[in-house]
Amino acid sequence: MVESSTKHNWRSKLHEIIYEADTHSGKLFDVVLLVAIIASIVLVMLESVEWIDNKYHFFLDTSEWIITILFSLEYIARIISVKKPLKYITSFYGIIDLLSTIPKYLSLLFVGSHSLVAFRALRLLRVFRILKLTRYIGASTNFVRALKTSRAKIAVFLSFVVILCIILGTVMYLVESKESGFTSIPRSVYWAIVTLTTVGYGDIAPITPLGQFIASIIMIMGYGIIAVPTGIVSSEMTKVNKNDVQTNTQSCSNCLASNHRDEAQFCHNCGNSLHEI
């Protein structure tokens with residue numbers, strides 16, 4: 001009985017450290033993990049620079065192994081500290097955690113020169129670690145909710161933009177000649193999209209006065225159009241924040257649901273006690 005209680009307390013403490021940021025130990029764990037994630041991303045970027053990799057390969061490789069082991073321990077600890085490990089393993093963050101950890105171990109299987117191409121592809125999977133950052137950005141929850149709420153408005157807006165680009169592209173195909181690059185309607189529509197979004201690659205450009213006038217109008221329209229989706233999402237985020245309640249980072253050990261009220265004793269999703277494992 002005492003042994004069972006000890007195990008219960010140990011798992012509860014581990015869950016509190018890993019899945020909650022409202023405690024001192026939880027905050028420290030998150031800070032260490034954030035530093036490790038950022039360091040890993042920097043290492044991957046530096047490793048892609050040939051002269052840096054040639055000169056500091058041993059340091060980069062050793063550092064990557066240390067970080068990989070740290071993430072491996074974190075992954076195992078997350079599995080141990082929840083009631084339903086399979087639920088975490090198959091969750092979005094569980095898959096991301098696995099994808100960001102296994103490439104270094106898989107690289108041990110690709111030691112021959114014939115497999116260097118596959119090895120390079122496997123190393124790129126470590127960039128998935130940047131997705132782990134979203135777990136620690138509290139505002140991301142409200143942003144996602146605002147996007148879901150405004151998805152219908154954004155869909156209508158994007159449909160309007162696509163129709164506008166088709167019309168403008170067709171007009172430019174009629175106005176301009178093939179010599180200026182407007183060889184087909186699809187290519188002209190591509191130009192309209194690039195111009196309307198104010199990217200302007202310069203690979204196609206109108207040469208007639210009328211074409212340049214239309215292009216000027218499209219460019220000016222582009223600045224206004226870009227601001228529309230921003231306004232839609234901002235408006236929805238304001239509504240979300242007004243109706244929002246005080247929540248904490250507590251995560252249910254049974255179903256992994258988060259965003260519980262500060263005074264909550266039970267999970268809002270499955271009813272499991274938030275203070276027991």
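The model shown is predicted, which means the values in this text are computed figures rather than measured ones.
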Trainee: Count I, L, V, M, F, W, Y as connected when their side-chain heavy atoms are under 4.5 Å apart, and connections chain through other members. Are V162 and I167 then in the same cluster?
Mentor: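 No.
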Trainee: Can you tell me how far the CG atom of L70 sits from the CG atom of L33, to the nearest 0.5 Å?
Mentor: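 So the CG of L70 and the CG of L33 are separated by 6.5 Å.
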Trainee: With side chain to side chain contact (heavy atoms under 4.5 Å, CB included) as the criterion, how do I79 and I89 come out once you've worked through the C-alpha distance, each side chain's angles and the decisive distance to 0.1 Å?
Mentor: CA-CA 7 Å; I79 294 175; I89 293 172; 4.0 Å; yes
Trainee: Return the minimal non-hydrogen interatomic distance between I95 and T90, and the atom names on each side.
Mentor: CD1-O, 3.7 Å
Trainee: Linking I/L/V/M/F/W/Y whenever any side-chain heavy atoms sit under 4.5 Å apart, do I37 and Y75 land together?
Mentor: yes
Trainee: Would you check if there is a donor-acceptor pair between the side chains of T68 and E64 at a distance under 3.5 Å?
Mentor: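 Checked: E64/T68 side chains pair up, N/O donor to acceptor below 3.5 Å.
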Trainee: Can you give the donor-acceptor pairs under 3.5 Å from side chains of residues 189-196 to other protein atoms, not counting sequence neighbours?
Mentor:
{"residue": "Y190", "atom": "OH", "partner": "D203", "partner atom": "OD2", "Å": "2.9"}
{"residue": "W191", "atom": "NE1", "partner": "T195", "partner atom": "OG1", "Å": "3.4"}
{"residue": "W191", "atom": "NE1", "partner": "I204", "partner atom": "O", "Å": "3.4"}
{"residue": "T195", "atom": "OG1", "partner": "W191", "partner atom": "O", "Å": "2.8"}

Trainee: Group every Ile, Leu, Val, Met, Phe, Trp and Tyr by side-chain heavy-atom contacts under 4.5 Å, then state whether F213 and L164 land in the same group.
Mentor: yes
Trainee: Looking only at heavy atoms, what is the nearest atom pair of S72 and Y105, with distance?
Mentor: OG-OH, 2.7 Å
Trainee: Rounded to the nearest 0.5 Å, what's the gap from NZ on K178 to CZ on R187? Could you check?
Mentor: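 Spacing of NZ (K178) from CZ (R187) equals 12.5 Å.
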Trainee: Is V171 linked to L174 within one hydrophobic cluster, defined over Ile, Leu, Val, Met, Phe, Trp and Tyr using a side-chain heavy-atom separation of less than 4.5 Å?
Mentor: no
Trainee: Are L158 and Y223 connected in the hydrophobic side-chain network, where two residues link if heavy atoms are under 4.5 Å apart?
Mentor: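 No, no single cluster joins them.
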Trainee: Quick one: CD1 on I52 to CG on L60, what's the gap to the nearest 0.5 Å?
Mentor: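 That separation rounds to 8.0 Å.
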Trainee: From L43 CG over to S63 OG, what is the distance, rounded to the nearest 0.5 angstrom?
Mentor: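 Spacing of CG (L43) from OG (S63) equals 5.5 Å.
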Trainee: To check you understand the geometry: which heavy-atom pair defines the closest contact between S81 and H15, and what is its length?
Mentor: O-CD2, 3.4 Å
Trainee: Is S40 reaching over with its side chain to a backbone N or O of A36, donor-acceptor style, under 3.5 angstrom?
Mentor: no
Trainee: With rounding to the nearest 0.5 Å, note down the distance linking NZ in K13 to CD1 in I18.
Mentor: 12.0 Å
Trainee: Output, in order, the C-alpha distance, side-chain angles, deciding distance and verdict of side chain to side chain contact (heavy atoms under 4.5 Å, CB included) for F182 and V175.
Mentor: CA-CA 9 Å; F182 296 85; V175 171; over 6 Å; no
Trainee: If you take the centroid of each ring, where Trp contributes its six-membered ring, are Y56 and W51 closer together than 6.0 Å?
Mentor: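 Not close enough - the centres of the two rings lie 6.0 Å or further apart.
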Trainee: Can you check whether G181's main-chain N or O pairs, donor with acceptor, with E176's side chain at less than 3.5 Å?
Mentor: no
Trainee: Over all heavy atoms of both residues, which pair between D97 and T101 is shortest? Give the atoms and the distance, please.
Mentor: O-OG1, 2.7 Å
Trainee: How close do S177 and S180 get, counting heavy atoms only, and between which atoms?
Mentor: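 Shortest heavy-atom contact: O-OG, 2.7 Å.
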Trainee: Once rounded to the nearest 0.5 Å, what's the spacing between atom CD1 of I67 and atom CD of E74?
Mentor: 12.5 Å
Trainee: Are there over 12 heavy-atom neighbours, none belonging to F160, within less than 6.0 Å of that residue's CZ?
Mentor: no
